[in-house]
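One structure below.
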Amino acid sequence: MKPVFKTLIISFLGNCVLVILKYVVGIITNTQVLLADAIHSLSDLITDVVAIIGSKMSYKKSDIKHPKGYGRIQYVTNLIMGVVILLLSINIIKTVVLSNNKEIPIELTFVISVVIIIKYILYKYIYMNGLKYNDNILKASAKESKSDVLSSLCSLFVVITSSLYKYCGIFKYIDKVGALIISLFVLRTGYKIIKESLSLVVGEVENDDKVISDIAGMIKMNKDIIDVDDIVLEKYGMYYSGVFKIVVSKNLSIEKGHSISKKLKSELLNSKYNIKYVLIHINPYNDN
């Protein structure tokens, strides 16, 4: 099993446990903020499911109609996921508005504290693997996990604060307020996913200067390459399709230039940057 896919499976299983735990306890105690938090975790779970499906489908072999593979199918699945999350958030808001106020059991602090610890461990695991394998899907999943930790912290604050309603009547509405805040959080997540996915479906290139400069530095380590004129990395889901314009001595033979290009292509395809398709342009050095 590939490390990235294994990480996604572990994230999926962890989120399954959290969604069930939050939802069951939320139903039993009729706590709106916990139910909203459960839906937020469900959005995280949906992210994992779509990422798993997308990662599998994106590695489908290229063909005549799709010479650069099916990597962008992941953006379509992300778009569907964004719409689902958006609809879920609207449903939460509707439920919260129509619900009645009810006292929240202080014992919920223990349950939510356990949830926060589990989710934080899961977030760190995904985040570290995202950095280790330089995988965009894991990095995005880690962001979702981090936001889920924050929403659970919001739930914990609501439960603790609600116990003060005997001293201040306004706190009896804290459950609704907390649930609405988390619902808006989920709404924002859905909108953001839809916006980013639409941009990626149309076609988007990598604009992270560090990634570009790191690859340029790696290319310049080749003693036969004088400089790098340009690097364009087109995003295709879990991988890039790259165009590289390099500068070599104008006195090199065609055979030598071909050898340099072939060697560089191999280095790029086997690098840690997930580059699957490479096109190299060789420009002669101009000393004027």
Side-chain angles (χ1 to χ4, degrees), residues 8 11-54 74-105 108 111-112 114-116 118-119 122-123 140-159 161-162 171-201:
L8 289 171
S11 176
F12 169 76
L13 294 175
N15 282 317
C16 276
V17 173
L18 293 176
V19 169
I20 293 170
L21 180 61
K22 290 178 182 180
Y23 188 76
V24 170
V25 175
I27 287 291
I28 292 172
T29 59
N30 193 28
T31 307
Q32 297 304 314
V33 71
L34 200 55
L35 290 173
D37 198 12
I39 299 299
H40 193 198
S41 291
L42 181 61
S43 72
D44 211 5
L45 184 62
I46 293 171
T47 303
D48 290 335
V49 172
V50 172
I52 291 168
I53 296 172
Q74 181 188 321
Y75 304 143
V76 178
T77 54
N78 283 353
L79 186 60
I80 295 169
M81 175 189 68
V83 173
V84 171
I85 292 173
L86 203 66
L87 293 174
L88 283 172
S89 63
I90 293 171
N91 187 58
I92 300 171
I93 293 170
K94 180 182 175 182
T95 303
V96 171
V97 171
L98 297 176
S99 65
N100 297 320
N101 297 313
K102 188 178 179 181
E103 183 179 352
I104 303 175
L108 277 182
V111 176
I112 298 174
V114 171
V115 166
I116 291 171
I118 294 173
K119 191 62 188 183
L122 197 60
Y123 153 67
S141 183
K143 287 181 181 179
E144 284 297 310
S145 293
K146 186 177 180 180
S147 68
D148 202 18
V149 173
L150 294 174
S151 72
S152 292
L153 285 170
C154 177
S155 297
L156 182 62
F157 174 77
V158 167
V159 172
T161 308
S162 67
F171 284 128
K172 69 180 181 180
Y173 300 105
I174 194 69
D175 186 23
K176 275 193 173 185
V177 173
L180 285 172
I181 290 172
I182 293 175
S183 300
L184 291 173
F185 211 177
V186 179
L187 188 71
R188 178 179 174 273
T189 299
Y191 168 75
K192 191 175 179 182
I193 290 172
I194 291 171
K195 182 182 177 182
E196 290 177 355
S197 297
L198 284 172
S199 176
L200 289 163
V201 167

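Note that the structure is a prediction, hence the values are computed from the model and not measured.
- Among residues two or more places apart in sequence or in another chain, the side chain to side chain contact (heavy atoms under 4.5 Å, CB included) test is passed with Ser151 by Asp37, His40, Asp148, Ile182, Phe185.
- With values rounded to the nearest 0.5 angstrom, Ser155 atom OG is found 11.0 Å from Leu150 atom CG.
- Here the CD1-SG distance, from Ile112 to Cys154, works out to 9.5 Å after rounding to the nearest 0.5 Å.
- The shortest side-chain heavy-atom distance between Leu35 and Ile39 does not fall under the 4.5 Å cut-off.
- For the pair Ser199 (side chain) and Glu196 (backbone), a donor-acceptor distance under 3.5 Å is absent.
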Q.
For Ile174 and Val33: C-alpha separation, side-chain torsions, deciding distance, then whether side chain to side chain contact (heavy atoms under 4.5 Å, CB included) applies.
A. CA-CA 9 Å; Ile174 194 69; Val33 71; over 6 Å; no

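- Here CG of Asp175 is found 8.0 Å from CG of Asn30. Values are rounded to the nearest 0.5 Å.
- In this structure, Ala142 and Tyr123 approach most closely via the heavy-atom pair O-CD1, 3.2 Å.
- Interatomic distance, Leu180 CG to Leu187 CG, rounded to the nearest 0.5 Å: 11.5 Å.
- Distance check, rounded to the nearest 0.5 Å: CG of Leu184 to CD1 of Ile93 gives 5.0 Å.
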Which side-chain N or O atoms in residues 81-91 pair as donor and acceptor under 3.5 Å with protein atoms at least two apart or in another chain?
| residue | atom | partner | partner atom | Å |
| --- | --- | --- | --- | --- |
| Ser89 | OG | Ile85 | O | 3.4 |
| Ser89 | OG | Leu86 | O | 2.6 |

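- Within the 4.5 Å cutoff, the side chain of Asn15 has heavy atoms near those of the Leu18 side chain.
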Q) Going through the distances and angles, do Val17 and Ile118 end up as a side chain to side chain contact (heavy atoms under 4.5 Å, CB included)? A) CA-CA 10 Å; Val17 173; Ile118 294 173; 5.5 Å; no

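- For the pair Lys22 and Ser152, the tightest heavy-atom approach, listed with the atom from each and the gap, is NZ-OG, 3.1 Å.
- A distance of 4.5 Å separates OG1 in Thr29 from CG in Leu108, rounded to the nearest 0.5 Å.
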